[in-house]
Every structure is written in structure tokens, then in C-alpha cells.
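One structure, pasted below without further comment.
Numbered from 1 within each chain, the chains take letters A, B, ... in sequence-line order.
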Number of protein chains: 2
Amino acid sequence: MSPRPSKATQHNNLQAAIKATAWRQIGGTGAATLSLRAIARELGITAPAIYNYYADRDALVTALIIDAYTSFGDAQLAAHDAVPAADLSGRLRATGMAYRQWALTYPQRYMLIFGTPIPGYVAPHAQTFPAAARALGVIVGVVEGIRAAGRLRVEAFPQVMPGHEQAFEMWRQYAGEADILSLSVALVIWARVHGLVSLEIDGSLPPFGPGGDALYVYEVESIIREFIV
Amino acid sequence: MSPRPSKATQHNNLQAAIKATAWRQIGGTGAATLSLRAIARELGITAPAIYNYYADRDALVTALIIDAYTSFGDAQLAAHDAVPAADLSGRLRATGMAYRQWALTYPQRYMLIFGTPIPGYVAPHAQTFPAAARALGVIVGVVEGIRAAGRLRVEAFPQVMPGHEQAFEMWRQYAGEADILSLSVALVIWARVHGLVSLEIDGSLPPFGPGGDALYVYEVESIIREFIV
DNA sequence: GCCGCATATTTACAGTGTAAATTATTCACA
DNA sequence: TGTGAATAATTTACACTGTAAATATGCGGC
């Protein structure tokens, strides 16, 4: 085989094909067993060829994580937009339910985002942050909407440690203007749904109710009752 | 070097030494980069020698997870026993705070338990369950104490899906007698603290309050207010 | 004294990511 | 149109990984 294939036999977009194949393998055996050589094998090329498109395996994983966040954000935005802005609790409920639904539909993507799928890999927050903020910013926006309407119930809610407000500045930049209180409350809501969902995906939770989602529904309703006045 | 070292130069307890070395490496570079060969190198033996003590790498990891759960359980029990049984909210607060404290003290152990540290490794729940139930059973016991005192506030709390009660039978067996409602409530409490702690360990949360623990304290107090009447 | 078991070593194999050198194709410009 | 540079792949090589198989040595019991 010639070192450089003629344009006819060449993948028109190898960069995308590599990512697509990676997703297929992740969907099968999980993100942990992702292998550059296996991807290359499936694409009929050799492993080092991938280095023309991704600096190393970590760069590929980072691209996958960003894709996953984008897919996640799409689901969040769709749920958000399906409810009229006036229905504050409806939007919180819709985005909350969509959070779990997306995670259960794409458990591998969820673990790719929130787990530590690859040995030695640490997510470069600087690169993934925009996509992450877009996705998680939806809930932030919902909470901000509640606060702007004067219906956010919080008393003595803790404030971020002095000197660490900068962590929230990035959020504002990517997720739209939002009060620091809204951001803080959104964080704790995020933590609650994330806790339940990650345990469920891990198989540590038995299903509740006839649909298996009763515990999650209970928690979402509990969040609505606690934070919306 | 002789295939079998004379008893003088031999480790008196190689099984334990292997585990200890593994812990040291995990404490350094994290659980992801754990390597049998590196452990052997550090102990001055060859890698296959480890197979005399652990069937394969997964078996070693499983032993480490059980150890981590045991350490975790010790911390939970210590916090539990430090508060008199009559102080229901005090016990819930103490175990809740100890949960985060242990996780921040041993983040690698926490990730070993709740993450997916090794490629292709899936925790054999059947083996880890006893140690896990001992640790997580402390909160179950606290909630059961609240319920037995008639001070558990729940309304319309969801019930486990019909046919899945068996998942709770195991809990009862290892974590002591407890009402199925107490187990269910303990699960959702567990999910809440786990959500916050895992995000904090992941670096996704900025510190709150002067001590950095204000958001967690807020959540624990919120749990106490919500579930104790 | 010898046999057998336990405990290691050596060797080997199939993987992995990735660096370096090489080669063929394609494109831009004189 | 021809030539040189850039591009996109190859082959080769290295240092790892877990682990299976065969082998050798130390030690305790008959």
C-alpha cells in the first residue's frame, strides 16, 4: 500500500471518520477499552496515521468529550425550549428530567464526561469548558429565570470563598449573564441530579416505581418545592 | 537471582506488601496508572510473582476496593459512635460530614470506589458488597433510627419497583435490620452527598465559605431539615 | 535422603501508545 | 510545464502493559 493513498481511495474526512469509529467502539465495549490501533484497524489504516489528525490519544478523547457535552447540551436546550418561559417550575422539571434521560440513553457518553475513562487522562478543563458551560448553563439559566422573577427561595445560602469568584466569571462568559446566587443554586441542583444519575448508571440503585424513575421524579419535585417559592 | 529467595531475604508477608505498594502508587499518580510491573519493580521481585498472591490485576484492584470500603466504613462508624444515639440530627450531621472528610482525605480511594479507574475493570459487586454495605449501612442505620423514633418526615416517598425488593434484602443482611423506607431514604441522602463530593473531588466546584465546606454544610443541614421532623 | 509443594525466575506473546525515518501523492508557483 | 514543498500516509522501532508456560530453587515432612 502506498504511503499516501490516491485521493480516490482516501477517506473524504478521516478526522470525522476516526471520531465516528471511536464512538462506535465506545458504544460497544465502553470508553475504557478505546484503542487507537483498533480504530485504525477498523478504518483500514495504520495507527500512526491518526497522529495527522489528533496530537495523541488524549487529544482524541478530549474531542470526544466535547462532542458528548454538545450532545448533552442539545438535549438540555431542547427540553428547555419545549416549555414556555413563564412556566418556571415546568422548565426546571423538564431540564431535570432531560438530564437523566440523556444520561440513560447515552451512558457511555455520560461516563466519558463525568468519569475517568482513560488511565492517566485528565480532562483539560480549559478546552472542554465552553461545551460544558453551554450544557450545564441551561439549568443555570432556568434558575436565573426563577431568581429574576423573584421566586427563588433561599435563606442563608452560602457564598463562594473570597478570591474564587473568578471561577464564576467563566460561567457568565459562556452561559450568559446570571447572578452569582443563581450559579450557586444551580450547582447544588446539578450535584443532586448528578448524584442520583451517576449511582443509577453505576447500577448502585434499584429501580423505583412502575417506570423505574420514581425516585428521580421525587428528587426533582423536591428540588422544585425547595427552591421555587 | 535464585527462583526462590532464601527465607531470610524474603518478604515476610508479600501479599500485604503488594497491596501496600499499590496503595503508595495510587496515592502518588492515581489509580489509573497502577501497574503490576511497577509494583514488582519496587518490591524487587518480578511481575509474575504477584500471581502467586492475586489471580490477576483485577483481583488486586478488587482487594484494594474492599480495603478502601473498610477504611471508609471505619470513618463512618467512628463519626457515628461519637454522637449519642439520642441525638438523631447530630448523628446524621456527623456521618454526613465524615463522608466528605474521608473523601477529601483519600481522594484516590474515593475514586477507586466510585470511579472506573482501570480500563476494562468492572467491580465485582458480589465481592465488594459486604464491605460496601458496612460503610454505607451506617447512614442507613441513622435513618432507621430516625424512623424508629417516629421522626422521619416523608410523604409519598416512592417505593422500589415490584420484583426488585431483593436488592434490599442484601442490604438488610449486611447492614442490619432496617425498614425498606429507611433504606430508600438513605439512598437518596447518599446520592446527594455523593453528588456534591464527587463534583468537588473532580474539581468542578469552587470552594464555598471561609472553610471551603459551606455548600456541603448547607446541603447536610438541608437534608436534616427535610427528613427529620 | 528424597519427594513434593511453594515460591519464585526466565522466557515469551499479544497488546498498547507513540516517536522517527521514509515514501508516495498532491498542490502552488516560477 | 516542471520543480519543490507540503501533506498524508507507510514501515520500523521502542518502551511499556498484563499474563501464560516452562523452569529452577528453597524448604518441610516421610
Flag this pair as yes if the NZ/CZ of B:Arg109 is under 6.0 angstrom from the six-membered ring centre of B:Trp23 and inside a 45 degree cone about the axis; otherwise no. yes

Original post:
Passes salt bridge (charged side-chain N to carboxylate O under 4.0 Å, His left out), A:Asp179 versus A:Arg172? Steps please.
Top reply: CA-CA 9 Å; A:Asp179 191 84; A:Arg172 283 219 199 75; over 6 Å; no

Can you tell me whether the side chain of A:Arg37 and the base of C:dG15 have a donor-acceptor pair closer than 3.5 Å? no

Compare side-chain N and O positions of A:Tyr51 against OP1 and OP2 of C:dA20 and report whether any pair is under 4.0 Å apart. no

From the candidates D:dA8, C:dT9, D:dG18, the one with an atom nearest any side-chain atom of B:Arg57 is D:dG18

Taking for B:Ala49 and for A:Ala38 the nucleotide of DNA chain C with the nearest heavy atom, the one nearer the 5' end belongs to B:Ala49

**Item:** Check: A:Tyr216 and A:Val193 side chains under 4.5 Å, non-hydrogen atoms
**Value:** yes

Taken to the nearest whole Å, CG/B:Leu14 to P/C:dT7 is 10 Å

A:Arg41 side chain N/O closer than 4.0 Å to the phosphate oxygens (OP1, OP2) of C:dG15?
-> no

Q) Contact class for B:Leu34 vs. all strands (heavy atom < 4.0 Å): base, sugar-phosphate, or nothing? A) sugar-phosphate

Separation of D:dA8 atom P from A:Leu43 atom CG, nearest Å, is 16 Å

Can a side chain N or O of B:Thr46 be found less than 4.0 Å away from OP1 or OP2 on C:dT9?
yes

Whole-Å distance, B:Asp58 CG to D:dT17 P, equals 16 Å

Among D:dT19, C:dA19, D:dA9, the one nearest any side-chain atom of B:Pro48 is D:dT19

Crowded around A:Glu169 CD? As in, over 12 foreign heavy atoms under 6.0 Å? yes

A:Gln15 CD to D:dT7 P, in whole Å, measures 15 Å

Rounded to whole Å, CD1 of A:Ile39 lies from C1' of C:dG15 at a distance of 15 Å

Here the distance between atom P of D:dC27 and atom CG of B:Asn52, to the nearest Å, is 16 Å

Rounded to whole Å, the CG-P distance (A:Leu60 to C:dT16) equals 14 Å

For this session: Give the intermediate values and the outcome of side chain to side chain donor-acceptor pair (under 3.5 Å) for residues A:Ser71 and A:Trp102.
Result: CA-CA 9 Å; A:Ser71 158; A:Trp102 182 87; 2.8 Å; yes

Among D:dT12, C:dT9, D:dT17, the one nearest any side-chain atom of B:Ile45 is C:dT9

How is A:Ser35 classified with respect to the nucleic acid when contacts are heavy atoms under 4.0 Å: base, sugar-phosphate, or nothing?
sugar-phosphate

When rounded to whole Å, the CG to C1' distance for the pair A:Leu36 and C:dT18 reads 9 Å

